[in-house]
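Step one of this worksheet: look at the structure below.
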Amino acid sequence: MTEIHCLSAVRLRDALRSGEISAREAAAHFLQRIEAANPGLGAFITVTADMAMDEAAAADQRHARLRPEELPALHGMPVAYKDLTDVAGVVTTHGSAALDRRPAPVDGALAAALRASGTVSLGKTQVPEFGLTAYSENRIAPPSRNPHALSRSSGGSSGGSAAAVAAKLLPFAPGSDGGGSVRIPAAACGLLGLKPGRGLVPAGESNGDPAGLVVAGPLAHSAADAALLLDALTAAEPPGTSTASAGPAGTGYLETVADAPPRLRIGMSLDSPWAGIFPFAPDPEALDALATGARMLTAAGHDVVETTIRYDNRYPDAFTTAWTAGVGAARIPPQREALLAPLTRTFRRRAQQRSASKLNESLAFLRQFQRDTVAQYAAWDLILTPSLAQTPRPVGWFTGSAHGDGHWPVSEWAGDADGDYRKQCEFAPWSSMVNVCGLPAVSIPVHWTEGTPATGGTTASAGEGPSLRGPGNGLPMGIQLIGPMGSEALLLQVAAQLGF
């Protein structure tokens, strides 16, 4: 039989439901892989092995007494959560040395939704402090590294989850995305990452989010695996949302993902709302990925045309104000603020010094920005950009660490918060405006830096996931497709059409 970790998530789901594989077998297999790989990879902060095996045993008992059609949708499927998400009985560190270590009393909305779907939680994955950055390095645990090149970052803020999926320590994982935090690590690690539209699924984090930027979404090897997880995330409609919790005509996303999408008009753009304050030039590898994606989309029958998007130059200040408001309100004892990373401490101080009227002014601007941008996007069925402007960055690159390992004594962290932030905005300049607009978007790993297009998310053996590496020893690069509200199924169909 194919090794459990080589099965696609859909194939593993089927094997668990049929009894071909028990939940305990699956959990034990992935826990063994985590034990072996995590010391060098840094994907997990906390591994809850005993709790996982207890949950798996309960799943097997449920399997013994229920008919297959009565089992929950993700019966026995191993998952893990970013360490921003509360899981009952497990400490939520938020990636910070400044917080007390107290187990969460109850599941957060994301963990509750997936627990109800039958999943087994293996632990908590590495995140930047309070999820603020596009790299997953902090002061409490080793940095999350890229499985394709351990000297490189896996991205952020869902970097630990992306590294775990890419290294086949998990079949798939939920991430959360408030400014690119699913799409950035998906692109860095060669995965498919879907950011759903605002209100479709639980946010997945327990910090403040006054602009409604954060939404949970799947990190997976294929569109089908992402659709399977999205079906579970949308099974229970979050309170107060009117968004349909399934694919077209009330069917599930997995049921529709293999359907061919209609011929689409796709506007291709390199315009970014960050360019006015942080002028940047995309790396050749980012342009290669964009060109590869455009060729693939054209070959699939779509019309890809260059377009110009006009963005208001007030955007960077307004977004930063909204993005950092939550960390300003975080409850941190004054005597422990010195334990915060320089970027967190700087943005926390600035957030606390801002007036409520300044925040309200920024939120009002972002609502207008949303209306203006969505109106421009509406001229096209989808908008195409690179996922990232640069190749995955070396560990320690954003913080200016001379050591480059992302985990060292407090006194050795570089303190240039503004330089750090600028680097992040230049690294991922096409992400955050999608959150402000509340739109769905997907990152698809179409290219490798050696110049060979990716071959998609399947292999020759039915039910197997992709190999860990792409062609040769290159680094993955992706494209981003942005769709209108309610286009999650369409985005997954296009990804599947391209072979992912």
Side-chain angles (χ1 to χ4, degrees), residues 1-39 41-66 68 70-83 85-92 103-104 107-108 110-126 147 160-175 218-221 225 228-229 231-233 463-465 468:
M1 176 184 167
T2 301
E3 288 260 38
I4 291 174
H5 64 272
C6 289
L7 298 175
S8 70
V10 172
R11 174 69 180 89
L12 179 58
R13 184 277 310 264
D14 293 343
L16 286 163
R17 293 180 72 83
S18 70
E20 178 184 355
I21 298 172
S22 72
R24 281 174 289 190
E25 287 176 311
H29 180 85
F30 283 104
L31 286 168
Q32 289 171 359
R33 289 185 60 79
I34 293 167
E35 183 179 13
N38 196 61
L41 189 62
F44 282 79
I45 291 179
T46 303
V47 180
T48 54
D50 291 342
M51 183 180 294
M53 293 308 296
D54 288 344
E55 291 180 7
D60 286 338
Q61 292 170 2
R62 185 167 59 239
H63 187 277
R65 69 174 186 270
L66 296 178
E70 295 174 326
L71 292 170
L74 296 183
H75 161 76
M77 289 290 287
V79 297
Y81 298 94
K82 290 174 66 171
D83 209 0
T85 300
D86 285 344
V87 175
V90 183
V91 170
T92 305
D107 286 336
L110 176 59
L114 290 186
R115 188 186 297 275
S117 75
T119 60
V120 173
S121 176
L122 306 189
K124 307 291 282 294
T125 58
Q126 176 64 298
S161 295
V165 175
K168 298 185 180 179
L169 309 186
L170 295 168
F172 54 20
L219 289 155
H221 288 290
D225 287 355
L228 175 65
L229 185 52
D231 275 332
L233 291 172
E464 293 187 16
L468 177 57

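In what follows, residues are counted from 1 in the order of the sequence shown.
Annotation: side chain of Val91 is not in contact with side chain of Thr46 (no heavy-atom distance under 4.5 Å). Contact of the Ser117 side chain with the Asp231 side chain is not registered, since no non-hydrogen atoms from C-beta on lie closer than 4.5 Å. With contacts defined as side-chain heavy-atom distances shorter than 4.5 Å, the pair Leu228/Leu74 qualifies. Contact annotation: the side chain of Ile21 approaches that of Leu7 to within less than 4.5 Å [non-hydrogen atoms, C-beta and beyond]. Taking the side chain as every heavy atom from C-beta outward, Val90 and Tyr81 never approach each other to under 4.5 Å. At a threshold of 4.5 Å between non-hydrogen side-chain atoms, the residues Leu41 and Pro147 count as touching. Side-chain contact between Glu20 and Arg11 is present, with heavy atoms from C-beta onward closer than 4.5 Å. Within the 4.5 Å cutoff, the side chain of Thr92 has no heavy atoms near those of the Thr85 side chain.
Going from atom CZ of Phe172 over to atom OG of Ser161 covers 12.5 Å, rounded to the nearest 0.5 Å. Atom OG of residue Ser18 and atom CZ of residue Arg13 lie 10.5 Å apart, to the nearest 0.5 angstrom. To the nearest 0.5 angstrom, Arg65 atom CZ is 10.0 Å from Glu70 atom CD. Residue Leu122 holds its CG atom at 9.5 Å from CE of Met53, rounded to the nearest 0.5 Å. Distance check: Thr2 OG1 to Leu12 CG gives 11.5 Å after rounding to the nearest 0.5 Å.
Minimum heavy-atom separation, Ala111 to Val87: CB-CG2, 4.0 Å. In plain terms, the two heavy atoms of Asp225 and Ala220 that are nearest each other are CB-CB, 3.8 Å. The heavy-atom pair separating Arg115 from Thr119 by the smallest distance is N-OG1, 3.8 Å. Of all heavy-atom pairs spanning Cys6 and Lys168, the tightest one is SG-NZ, 4.2 Å. Closest non-hydrogen pair, Ala88 versus Asp107, comes out as N-OD1, 2.8 Å. Taking both residues in full, the closest heavy atoms of Pro174 and Leu229 are given as N-CD2, 3.7 Å, listed atom of the first, atom of the second, then distance.
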**Request:** Kindly determine whether Val120 and Phe30 satisfy side-chain contact (heavy atoms from CB on, under 4.5 Å), including the steps that lead there.
**Result:** CA-CA 11 Å; Val120 173; Phe30 283 104; over 6 Å; no
**Message:** Walk me through whether Met51 and Ser121 qualify under side-chain contact (heavy atoms from CB on, under 4.5 Å).
**Reply:** CA-CA 8 Å; Met51 183 180 294; Ser121 176; over 6 Å; no
**Asked** Taking it one step at a time, do His5 and His29 satisfy side-chain hydrogen bond (donor to acceptor under 3.5 Å, both in side chains)?
**Response** CA-CA 8 Å; His5 64 272; His29 180 85; 2.8 Å; yes
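Of the possible polar contacts, one joining the Asp60 side chain to the Arg24 backbone as a donor-acceptor pair under 3.5 Å is found. A donor-acceptor pair under 3.5 Å is formed between the side chain of Arg17 and the backbone N or O of Pro68. Judged purely by atom type and a 3.5 angstrom limit, Arg33 uses its side chain to pair as donor or acceptor with the backbone of Ala167. Without hydrogens or angle criteria, Asn38 side chain to Phe44 main chain gives a donor-acceptor distance under 3.5 Å. A distance-only check finds no donor-acceptor pair linking the side chain of Asp83 to the backbone of Lys124 [under 3.5 Å]. With hydrogens and angles disregarded, a donor-acceptor distance shorter than 3.5 Å links the side chain of His221 to the backbone of Val165.
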